[in-house]
K.L.:
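Below is one structure. I have some questions about it.
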Amino acid sequence: MKVLVAVKRVIDYNVKIRVKADRTGVETANVKMSMNPFDEIGVEEALRLREAGKATEVIAVSLGAQQCQETIRTALAMGADRGILVQTDVELQPLAVAKLLKAVIDKEQPGLVILGKQAIDDDSNQTGQMLAALLGWSQGTFASKLAITDDGLEVTREVDGGLETVKLKTPAVITTDLRLNEPRYASLPNIMKAKKKPIDVIAPDALGVDPAPRLKVLKVEEPAKRQGGKKVASVQELVDKLQNEARVI
Amino acid sequence: MDFELSFEQQELVTALKRFVETELYPHEDLVERERGVPPDLAAEIKKKAIDNGFYAMNMPEELGGGGLDALTLSLAEKEIGKAGSGLGILIGRPTRILLACKDDQIEEYLMPSIRGERKNCFALTEPGAGSDARAITTRAVKDGDDFIVNGTKLYISAADISDFIILNTVSGVEETPRGPRKLFTTFLLDKNTPGVTVTPMLSICTHGYNPNTIYLEDVRIPKSKILGEEGKGFSIANEWLYAGRVMLSAHCVGRGERVMEMTADWAANRKAFGKAIGDFQGTGFKLADMATELRLADLMTLNCAWKMDQGTLTRQEASMCNVFASEMIFRLTDNAMQIFGGMSMMEDFPIQRYWRDARVERIWEGTSEIHRDIIARDILKPYRK
C-alpha cells in the first residue's frame, strides 16, 4: 500500500507573525519557513506504517511555489521515499488544494492519504474533509491513534467529548492531531540521502485543475491587544459587568 | 561570497537543535547537581545520538562516521555547544588523532570509538607542563618489547568516564646541533591496565566533563600500542590542534547565542522605573556589544572552518578565532550576569553556570596569552631582518 502525505510550507512556529503594512496578508519575506507541524506528524505516521511493513512507499506532496521543494526535501530527510510538487504561484485555498490533491491521488492510487488536521498559518481545517468528499473516500479526522486492521483502519479521534473510535474502509483520508505521535529527528544519513531522492514537478494545468481562488481576502488585521484584567468586589458586580460592559450574558 | 547554507546543513542544524533542546536541556540541572551524568541516562542519550547518525559525525564516512566537512561540523558544534558540556559530549566526536591507528589498533580502538562502544581521553598536560607541552616528564622506558611508564597527568578531561587513554610520554632524548631534544611517544593505554589510577578533580565548571589526575606507576605497555611512530609523538597533533581551536570557537558561539536569547528576552520584559531595562542605554548598549561580538565570533568561526576545508587555515587565524571567541563568551556571560542582576547569582538559575563554564574557554585549547603570543610572532615573522 502506498501512503501519500501532504506537506505544507508555512511560517515557522517560532516566528512572531507580523501583518503586512498594506494589510493584504502576513509578512513572509525574510521569515523562517518550515513544514507545518501537523504534516510532520503525518509524515512520521506514514514512516511508521512503512517500518511496520504495512506500507510500501511514502510519497510527500506539496503544493505551491518552487520553494515548497524544501519542505518536500525535509520530508525526504525524515525518510519519505519520493516527492511530488504541484508548482504554482497562484494563492492556493483549501478547495483548490483538495482538487489538486485529488488529481495527484487519481494518478498515484495510494491506499491511504494523511494530512495535518490544519496548517498553522491559516488554520482552515478544511482540506482533508474536502478531499475525502471529492474522492468519495472514508475520512478519519483529528486522529490521535491509527491502527491498520484486516478489513481497513481503526482511527481514534479527538472530539469535543473525549475520544471516539471509528472503523474505516480503505482507501481513506486521515488528518492528524497533535497526540498521534512524536515526529523523529531527521537523521544524518537520511539528510544526506534526501537530495538524491526524486521530486516530480507538475503544473496544475497538467492535472486539469484550475487553482484560482474562489474566496477574496479583503484585509488582514492583527487581533486586538489584550487588555489588562480587572478585579471585581462581588459576584453581583461581576454579573453586572458581564451583562452591561462585556455584553456576553 | 555565498553565505547560504546548503539544504543538508540547514536540515542538520534543525535536527540537532531539536535533539539538543529535547534530549539534553531537560537534564542540565541534574548533571550540575550530581557533577556528572547518571550512567543509565548517558547510555540512553548516546544510543539516541547513534541511532540518528549524530555520533562520530567528524569521522570518515567509509569508517562509519558522518563524514562531515569542517564547516558543517562547526555548525553542529554550535548547536551541541548550547547544552552543558557533560551532556554535549554524549553526542560523541571521537578525536581524529585515532585515525593514526594501524593493524590491530583499528579494530581495538578506532572502530569501537566510532561506533560509540569505547571512549577515550587525551592525556598530555602534567603538573609541570601545560601550554609548554614539550616540558612533559612522564617517562616511557624500553623493556624488551614493552615500555614501562611512570608519571602523572593532570586536568585530563573525561578520564573518569573513558575506558582508554591517549597517553603522551617522553621516550628518549636525541642529540641535535641545537642541543639535546626530547623524543615523544604516544600510546593507546587501556584504563584498566595495572598501575593506572584515575582520580577525579573538583572543578568549578563544565560539570560532567570533569578533569582528572592520572597516576602512572610502572605501567607496562606493549610496543604494539604505540599510536603513530615511536619518538614522533607530537607530529600527528597539528591537524587536530587547529580543528580543536575552531571547534572551541563554534562551541562559544553556540553558547553565546543561547545566553543572548535569554538575556534579550529578560531585558525586553523586566521593567524598572516604568520601562523595560533594555530601554536604558546602560543595558541597551551592553546588549548591542554582546550581539555584535557574537556575530563577529560567528563569522570568524565560519571563515576558519571554511579555510580548514580548503586546507588554507593558518596557525595565526586559528589562534585569532580561538582567543576572540573565548574572550567574547566571557564578556557576554558577564554582561548577562549584570543584566539579570541578583537573580543571576542564584544556583538554581542557569546564568551563573554559563558564566562559570565560560571561564575555562580562555584556558584550554591554549590560553589567551599563548594565542596572542602565536599571533604576535606570526605578525612579526615576515618583517624580521
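Fair warning: this is a prediction, and the values are worked out from it, not measured in the lab. Numbers restart at 1 for each chain; the letters A, B, ... are given by sequence-line order, proteins then strands.
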K.L.:
Rounded to the nearest 0.5 Å, how far apart are CE of M192(A) and CG of L68(B)?
P.N.:
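That separation rounds to 5.0 Å.
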K.L.:
May I ask you to check whether over 12 heavy atoms, not counting those of F280(B), lie within 6.0 Å of atom CZ?
P.N.:
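More than 12 within 6.0 Å, yes.
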K.L.:
Are more than 12 heavy atoms, taken from residues, nucleotides or ligands other than E108(A), located less than 6.0 Å from that residue's CD atom?
P.N.:
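Enclosed.
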K.L.:
Tell me whether R73(A) contacts the main-chain N or O of E8(B) through its side chain, where contact means a donor paired with an acceptor under 3.5 Å.
P.N.:
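Absent.
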K.L.:
Got a sec: does the NZ of K20(A) have more than 12 other heavy atoms crowding it under 6.0 Å?
P.N.:
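Above 12, so yes.
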K.L.:
Begin from the C-alpha positions of N52(B) and L188(A) and carry the test side-chain contact (heavy atoms from CB on, under 4.5 Å) through to its verdict.
P.N.:
CA-CA 6 Å; N52(B) 285 290; L188(A) 181 57; over 6 Å; no
K.L.:
Any side-chain heavy atom of Y185(A) sitting closer than 4.5 Å to one from T22(B)?
P.N.:
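Yes - at least one pair of side-chain heavy atoms lies under 4.5 Å apart.
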K.L.:
What part of A77(A) lies closer than 4.5 angstrom to a heavy atom of chain B: side chain, backbone, both or neither?
P.N.:
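Only the side chain of A77(A) comes within 4.5 Å of chain B.
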K.L.:
Any side-chain heavy atom of I191(A) sitting closer than 4.5 Å to one from Q10(B)?
P.N.:
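They are not in side-chain contact.
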K.L.:
Within the supplied structure, the quantity of interest is the number of heavy atoms (other residues, nucleotides, ligands) at a distance under 6.0 Å from K197(A) NZ; does it exceed 12?
P.N.:
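Buried by this count: over 12 neighbours within 6.0 Å.
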K.L.:
Can you name the closest pair of heavy atoms from E70(A) and F7(B) and give their distance?
P.N.:
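Of all heavy-atom pairs spanning E70(A) and F7(B), the closest is O-CE1, 4.1 Å.
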K.L.:
Give the minimum heavy-atom separation between E11(B) and A186(A), together with the two atoms involved.
P.N.:
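Minimum heavy-atom contact is OE1-CB, 4.3 Å.
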K.L.:
Rounded to the nearest 0.5 Å, what's the gap from OG on S187(A) to CD1 on I50(B)? Could you check?
P.N.:
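S187(A) OG to I50(B) CD1: 13.5 Å, rounded to 0.5 Å.
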K.L.:
Using a cut-off of 6.0 Å, state whether more than 12 heavy atoms not belonging to Q310(B) lie near its atom CD.
P.N.:
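More than 12 within 6.0 Å, yes.
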